[in-house]
Amino acid sequence: MELATLIANVQGNTALTVGILIAGGAIGTGIGFGLLGGKFLEGVARQPEMAPMLQVRMFLVAGLLDAVAMIGVGIALFFTFANPFLGAVEAAVGA
């Protein structure tokens with residue numbers, strides 16, 4: 001195969017992978033926020049006097065949920081702009 005064809009294949013597969021990474025993070029975060037909000041409302045409905053403490057813990061967990069999604073976005077950006085697989089393809093074809 002030609003080098004240009006291999007590079008195009010790697011870039012195309014990388015674009016698909018980046019899309020899956022970002023979509024997976026968005027879907028997981030959406031499900032997590034839905035569950036978190038529902039459980040928070042259930043807890044406040046059962047014990048309204050615990051609302052301030054539950055709210056603090058809810059925001060803490062919400063921050064952790066966002067962090068997981070942002071890590072996925074960071075990895076996706078790494079693969080987009082500094083793709084380590086392109087160097088491996090060029091080294092394999094050059095050898």
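Remember, it's a predicted structure, so these values are computed and weren't measured experimentally.
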Check for me, please, whether V56 and L64 land in the same ILVMFWY cluster - side-chain distances under 4.5 Å, paths through other members count.
no
F79 vs I75, side chain to side chain contact (heavy atoms under 4.5 Å, CB included): CA-CA, chis, key distance, verdict
CA-CA 6 Å; F79 283 138; I75 292 171; 3.7 Å; yes
Co-membership, hydrophobic cluster, residues V68 and L36, 4.5 Å side-chain
no
Report the distance from atom CD of Q47 to atom CE of M53, rounding to the nearest 0.5 Å.
8.5 Å
Should V73 and L65 be counted in the same cluster of Ile, Leu, Val, Met, Phe, Trp and Tyr side chains packed under 4.5 Å apart?
no
Close side-chain approach of F40 to V44, heavy-atom, < 4.5 Å:
yes
Residue pair E90 / L6, side-chain heavy-atom distance below 4.5 Å:
no
Could you give the distance from CD1 (I71) to CG (D66), rounded to the nearest 0.5 Å?
11.0 Å
Closest heavy-atom pair, A45 versus P48, reported as atoms and distance to 0.1 Å, is O-CD, 4.2 Å
For atom CD of E2, decide whether the heavy atoms of other residues, nucleotides or ligands shown that lie under 6.0 angstrom number more than 12.
no
Reported NZ-to-CG distance for the pair K39 and L54, which is rounded to 0.5 angstrom:
13.0 Å
Residues 8-35, side-chain donor-acceptor partners within the protein, below 3.5 Å, at least two apart:
residue: N9; atom: ND2; partner: T5; partner atom: O; Å: 3.4
residue: N13; atom: ND2; partner: N9; partner atom: O; Å: 3.3
residue: T14; atom: OG1; partner: V10; partner atom: O; Å: 2.7
residue: T14; atom: OG1; partner: N83; partner atom: ND2; Å: 2.8
residue: T17; atom: OG1; partner: N13; partner atom: O; Å: 2.8
residue: T29; atom: OG1; partner: G25; partner atom: O; Å: 2.8

